[in-house]
Visitor: 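Below you'll find the structure I mean.
Quick note on labels: first sequence line is chain A, next is B, and so on, each numbered from 1. No hydrogens, no waters, no symmetry mates; every other heavy atom, side chains included, goes into these values.
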There are 2 protein chains.
Amino acid sequence: MGVTDDFLRERGRGLLSHDEIAVLEGAIDRVETFPARTAITRRGDRVRESTLLIEGAMCRYLDARDGFRQLLAYHVPGDFVDMHGYTLHRLDHDVATIVESRVAMVPHDRIDAIMRDAPRLAKMLWRSTLLDAAMHREWIFRLGRLDAAGRIAHFVCEVQARMEAIGRVKDGAFALPLTQQDIGEACGLTSVHVNRTLRRLREEGVADIGRGEARIADPRQLARIGEFDADYLYLDDGPWGDTDD
Amino acid sequence: MGVTDDFLRERGRGLLSHDEIAVLEGAIDRVETFPARTAITRRGDRVRESTLLIEGAMCRYLDARDGFRQLLAYHVPGDFVDMHGYTLHRLDHDVATIVESRVAMVPHDRIDAIMRDAPRLAKMLWRSTLLDAAMHREWIFRLGRLDAAGRIAHFVCEVQARMEAIGRVKDGAFALPLTQQDIGEACGLTSVHVNRTLRRLREEGVADIGRGEARIADPRQLARIGEFDADYLYLDDGPWGDTDD
DNA sequence: CGGAGTGTTGATATTCCTCAACGCGTGTGG
DNA sequence: CCACACGCGTTGAGGAATATCAACACTCCG
């Protein structure tokens, strides 16, 4: 469990006490590795543990009648992927990996114990579900009010901000292991239209997205196109939240 | 505070102990009445209390550059409107009334006390934010995957299900105090297109929506058009959640 | 070597938006 | 009491954005 331990220490930097890190680490039952493009849980499943993504990329989605999916969330390392399964017990959507991923499994009864014994930590877990909801809200905005370029730009800005927060952006570039089809399923567009829109963004010198990564040439312009404001990610409060008040 | 008391008793029917109802009631600082179409809190505001809608209708939204809003949620009596403000401290969107509304105000420090002293109740509050997120997810699906008729149908189905859960549907009809512009802002459509789509739904004998109410003539067909499945509302678990395990 | 998945491009169809006009009801001030 | 403005719903005509259908190139991998 050493890797998990390092991971938590790094993510908790200064905000969690030694005891709290120990409690969180103790809540992890095991770490599993799933291959790329694999469904972990399905809509309707009764869940008894929640998952913390340690390495890789995951997503959550709903299936539509026409066979396409609507992505609901994109997950980067450090995200609690389905903390909402705790309390709701049953999933209302599917969860899957995008690339091979390492995932820490946290049984719900251990979260019960945290709720009981470590209220500060409990509030952090709650907070992670609230951040999730805040992101959902921006996805609603993106789909309801923006055109194709705006939706893609907004999505890419969000992922960049979150990757930046975990130190995974180098010179404006970061891993984005999504096909154009995937991006379409995140943004409510066909893959064909995603293709044309990405080409435009590339030709206009805004961003080059493809081959598993995103290179943002003009972040300001990208944010303008996507009407993006990172406020909703509450990044100023640090990865584990501003729980001092 | 008698009205609040009755309200809580009715909503908590059998699921909350006498003590728990007392705690919840004690958390309410006061009840305020706001006129129709009034913003209660704004994006970026620091919030120190959360609001429980007792009577009326409210919504939450984000503003777009073009001056239009994107609605994020529609609230009926019994909803905690911004429980997420607790823990997140700052709002990432606006909250407003749609019609004149009575709202119970719950200071955050009293929620702290509930977290500390009444974990079962705390879990219920958490649960309300998770239900909120589940609804957000369906809104994402609606906007990303459905056409105009589907979006409106899905939205109306959701409101019907929630109104039903609080006993406010009579003969397939319920209050829906929204203009076509509002519906457009909920569904990512222009009011003109909402108008044409509502006409079609009416002419096809599916639903008649307007003049402040919705009359659902063919619920099955409406659900089919909107690819609606009420699972995500977790209504089987009762208004306060299935917290027995 | 063949096949599947992905990215790319073109031609055409459809949905939805934009702009514009008008009716109707309601409230309001003269 | 009338005149008028305003918000809302309604309808029409034309245009823009996006989907659909189809074909083909490229890469990776069995």
Visitor: When you get a sec, tell me which of C:dC16, D:dT18, D:dT11 is the closest nucleotide to the side chain of B:H193?
Guide: C:dC16

Visitor: State which of C:dC17, D:dG9, C:dA20 makes the closest approach to the side chain of B:V192.
Guide: C:dA20

Visitor: Decide, yes or no, whether a salt bridge links A:R215 with A:D208 under the criterion of side-chain N to carboxylate O below 4.0 Å.
Guide: no

Visitor: Quick one: label A:G150 by what it contacts on the DNA or RNA (base, sugar-phosphate, nothing), any heavy atom closer than 4.0 Å.
Guide: nothing

Visitor: Please report the distance, rounded to the nearest Å, between CG in B:L143 and C1' in C:dC16.
Guide: 14 Å

Visitor: What is the distance, rounded to the nearest whole Å, between atom CZ of B:R145 and atom C1' of C:dT15?
Guide: 15 Å

Visitor: Nearest-Å distance, CZ (B:R37) to P (D:dC8)?
Guide: 7 Å

Visitor: Given C:dT9, D:dG9, D:dT18, identify the nucleotide with an atom nearest to the side chain of A:D147.
Guide: D:dT18

Visitor: Can a side chain N or O of A:N195 be found less than 4.0 Å away from OP1 or OP2 on C:dT8?
Guide: yes

Visitor: If you assign B:R196 and B:Q181 each to the DNA chain D nucleotide with the nearest heavy atom, which residue ends up on the more 5' nucleotide?
Guide: B:Q181

Visitor: Starting the side chain at C-beta, find the nucleotide from D:dC8, D:dA22, D:dT18 nearest to B:T179.
Guide: D:dC8

Visitor: Name the closest nucleotide to the A:L189 side chain, picking from C:dT8, D:dA19, D:dT10.
Guide: D:dA19

Visitor: Give the rounded distance in Å between these two atoms: CD of A:E185 and P of C:dT6.
Guide: 10 Å

Visitor: Grab the two heavy atoms, one from A:L130 and one from A:R137, that are nearest each other, plus how far apart they are.
Guide: O-NH2, 4.4 Å

Visitor: With respect to the phosphate group of D:dT11, does any side-chain polar atom (N or O) of B:R199 fall under 4.0 Å of OP1 or OP2?
Guide: yes

Visitor: Tell me: CG of B:L178 to P of D:dG7, nearest whole Å?
Guide: 18 Å

Visitor: Reckon A:G212 touches a base, only the sugar-phosphate, or nothing at all at heavy-atom distances under 4.0 Å?
Guide: nothing

Visitor: Could you check whether B:R142 pairs with B:E138 (Lys NZ or Arg NE/NH1/NH2 to Asp/Glu carboxylate O, under 4.0 Å)?
Guide: no

Visitor: Classify the angle between the aromatic ring planes of A:H154 and A:F228 as parallel (below 30°), tilted (30 to 60°) or perpendicular (above 60°).
Guide: perpendicular

Visitor: Counting only heavy atoms not in B:R202, do more than 12 fall under 6.0 Å of its CZ?
Guide: yes

Visitor: Which nucleotide, C:dT8, C:dT18, D:dC8, lies nearest any side-chain atom of B:T190?
Guide: C:dT18

